[in-house]
Number of protein chains: 2
Amino acid sequence: MIRILVADDENLIRAALAQLLDLEDDLTVVAQAASGRAALDQARVLCADRGPDGGLDVAVLDLQMPEPDGIAVAAELAGLDVHSIIVTSHGRPGHLKRALAAGVRGFLPKTTEAARLAEVIRSVAGGGRYVDPELAAEAIGAGDSPLTPREADCLELAADGATIEDIAARAHLSPGTVRNYLSSAITKLGAANRHDACAIAVRMGWI
Amino acid sequence: MIRILVADDENLIRAALAQLLDLEDDLTVVAQAASGRAALDQARVLCADRGPDGGLDVAVLDLQMPEPDGIAVAAELAGLDVHSIIVTSHGRPGHLKRALAAGVRGFLPKTTEAARLAEVIRSVAGGGRYVDPELAAEAIGAGDSPLTPREADCLELAADGATIEDIAARAHLSPGTVRNYLSSAITKLGAANRHDACAIAVRMGWI
DNA sequence: CGGCGAGGGTGACATGTGTCATGGGCCGCC
DNA sequence: GGCGGCCCATGACACATGTCACCCTCGCCG
């Protein structure tokens with residue numbers, strides 16, 4: 001019997017997903033969490049408990065959650081010998097890369113067929129890996145972020161419509177420097193302006 | 001027995017939701033659809049069929065779907081005597097207003113408890129209505145969009161980072177006019193710049 | 001040591017944007 | 001018929017942004 005933790009901040013979805021998985025004969029949902037923090041707490045308790053109900057095999061984590069997000073949770077869980085599967089609505093190449101770097105064993109968009117999730121859980125529980133083929137292709141095609149860390153910082157701060165002054169203040173930089181970084185990011189991404197650049201970077205999962 | 005149609009373009013979520021609802025004794029999921037168009041097709045077939053399996057009582061629709069979206073589908077279904085419930089990840093006041101105007105009978109975010117969905121379905125099947133209280137309060141507090149139709153158009157075109165020239169070309173307007181509309185929208189929304197204005201308008205569900 | 005590259009900065013210049021005043025045309029309503 | 005609101009446009013001005021050239025300071029490495 002494979003013991004599963006399901007984490008998603010959308011109660012409706014989490015409950016439905018848990019229900020779906022519990023219906024499989026060889027799967028059992030032993031914990032649910034509505035936030036990354038709750039997921040970690042639950043996992044720690046389960047792993048500490050060596051009794052009949054203790055232990056945890058696989059975590060199914062939504063990527064978009066209040067801090068910490070699914071990838072951060074997966075990185076922590078890797079230390080507890082729990083294999084993680086990330087499920088997400090938005091398939092960004094960058095997210096996939098970060099997830100794999102964090103030791104995630106499975107990554108699939110919410111558009112995948114329901115039956116596949118169970119298959120992937122079984123495979124991951126047995127030590128396998130699974131990445132949605134389409135996403136994998138995108139990630140390979142997209143390549144790595146061409147942005148330097150500072151450029152990415154500035155772009156991230158610019159993403160919510162802040163003005164140069166705001167960004168400079170929040171990044172502890174001179175306004176001119178911010179403009180240079182932004183300009184460089186814009187040309188690197190082939191964008192028309194900073195907001196276009198933000199859109200591209202977000203789509204790629206680079207910020 | 002209440003007959004239900006579930007529509008959501010995320011296969012995983014739709015299957016899980018259908019499973020969850022089917023587990024209730026008095027509910028049965030008679031159709032699933034991965035797009036608005038498919039939902040309408042299914043509903044028409046079911047309503048035309050007056051046999052033992054025919055008929056449809058309630059549609060549970062995701063708001064975000066490839067055209068037509070949940071609200072548009074609900075408006076069509078109202079003509080078939082099918083009551084609709086909208087489920088959404090993002091609770092925007094404007095969406096709620098549009099939904100109610102389209103004759104939707106239930107509106108709830110995906111963060112609601114799983115048990116509540118079944119309750120709402122029963123209530124709606126019996127002719128009742130249900131709107132998430134928090135969303136309702138927001139919608140009342142937010143009021144109507146202060147934007148004129150053209151202002152909203154320009155703002156919508158500006159949302160993806162287009163430059164004034166682009167917007168003017170796409171809207172068949174003079175660049176100066178676009179700037180006036182944008183400026184007016186910015187002041188009306190109390191925003192710092194056009195992108196801030198876009199963010200506000202999107203958050204309110206006005207574009 | 002000299003050279004190099006990345007981080008951080010300045011100043012100048014051309015464009016793009018936000019704001020304002022102003023005007024005309026077209027409704028709908030008192 | 002006048003008034004007011006929306007639509008469309010123009011021109012002018014201030015400020016924000018994007019681009020470029022150039023500078024300084026560290027480390028690092030040959």
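We name chains A, B, ... by the order of the sequence lines, and we start the count at 1 in each one.
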* To do: Say whether B:Thr111 and A:Glu10, considering side chains only, have a donor N or O and an acceptor N or O under 3.5 Å apart.
  => no
* Report the residue from A:Leu56, A:Asp57, A:Val73 that forms a side chain to side chain contact (heavy atoms under 4.5 Å, CB included) with A:Leu5. => A:Leu56
* To do: Test for a donor-acceptor pair under 3.5 Å between the base of D:dT10 and the side chain of B:Asn180, counting only N and O atoms.
  => yes
* When you get a sec, tell me which of D:dA9, C:dT10, D:dT19 is the closest nucleotide to the side chain of A:Thr177? => C:dT10
* Asked: Do other residues, nucleotides or ligands put more than 12 heavy atoms under 6.0 Å from A:Arg122 CZ?
  -> yes
* May I ask you to check whether over 12 heavy atoms, not counting those of B:Glu134, lie within 6.0 Å of atom CD? => no
* Spacing of B:Tyr181 atom OH relative to C:dG18 atom C1', expressed in whole Å -> 17 Å
* Taking the side chain of A:Leu173 as heavy atoms from C-beta outward, which of D:dT19, C:dT19, C:dG9 is closest to it? -> C:dG9
* Structure fact -> In whole angstroms, the gap separating P of D:dC7 from CG of B:Leu147 amounts to 11 Å
* **Lys/Arg-Asp/Glu bridge criterion (N-O < 4.0 Å) met for A:Asp62, A:Lys110** => yes
* To do: Pick base, sugar-phosphate or nothing for B:Leu182, based on heavy-atom distances below 4.0 Å to the nucleic acid.
  => nothing
* Atom CD1 of B:Ile164 to atom C1' of C:dT15: distance rounded to whole Å? -> 12 Å
* **C:dG8 OP1/OP2 closer than 4.0 Å to side-chain N/O of A:Ser174** => no
* Would you mind reading off the distance between B:Arg150 atom CZ and C:dC26 atom P, rounded to a whole angstrom? => 15 Å
* Asked: When only distance counts, do a donor and an acceptor, one from the side chain of A:Asn193 and one from the base of C:dT15, lie under 3.5 Å apart?
  -> no
* Please state whether the phosphate of C:dG16, meaning OP1 or OP2, lies under 4.0 angstrom from any side-chain nitrogen or oxygen of B:Thr163. => no
* **Integer-rounded Å distance: D:dT17 P and A:Leu157 CG** => 14 Å
* Asked: In whole Å, what is the span from the CG atom of A:Asp196 to the P atom of C:dG16?
  -> 15 Å
* To do: For the side chain of A:Thr148, starting at C-beta, report the closest nucleotide among C:dT19, D:dA9, C:dG7.
  => C:dG7
* Given atom CG of A:Asp166 and atom P of D:dT17, what is their separation to the nearest angstrom? -> 9 Å
* Structure fact -> Atom CZ of B:Arg179 and atom P of D:dA14 are separated, to the nearest Å, by 14 Å
* Taking the nucleotide of DNA chain D with the closest heavy atom to each, which residue, A:Glu165 or B:Pro149, is nearer the 5' end? -> B:Pro149
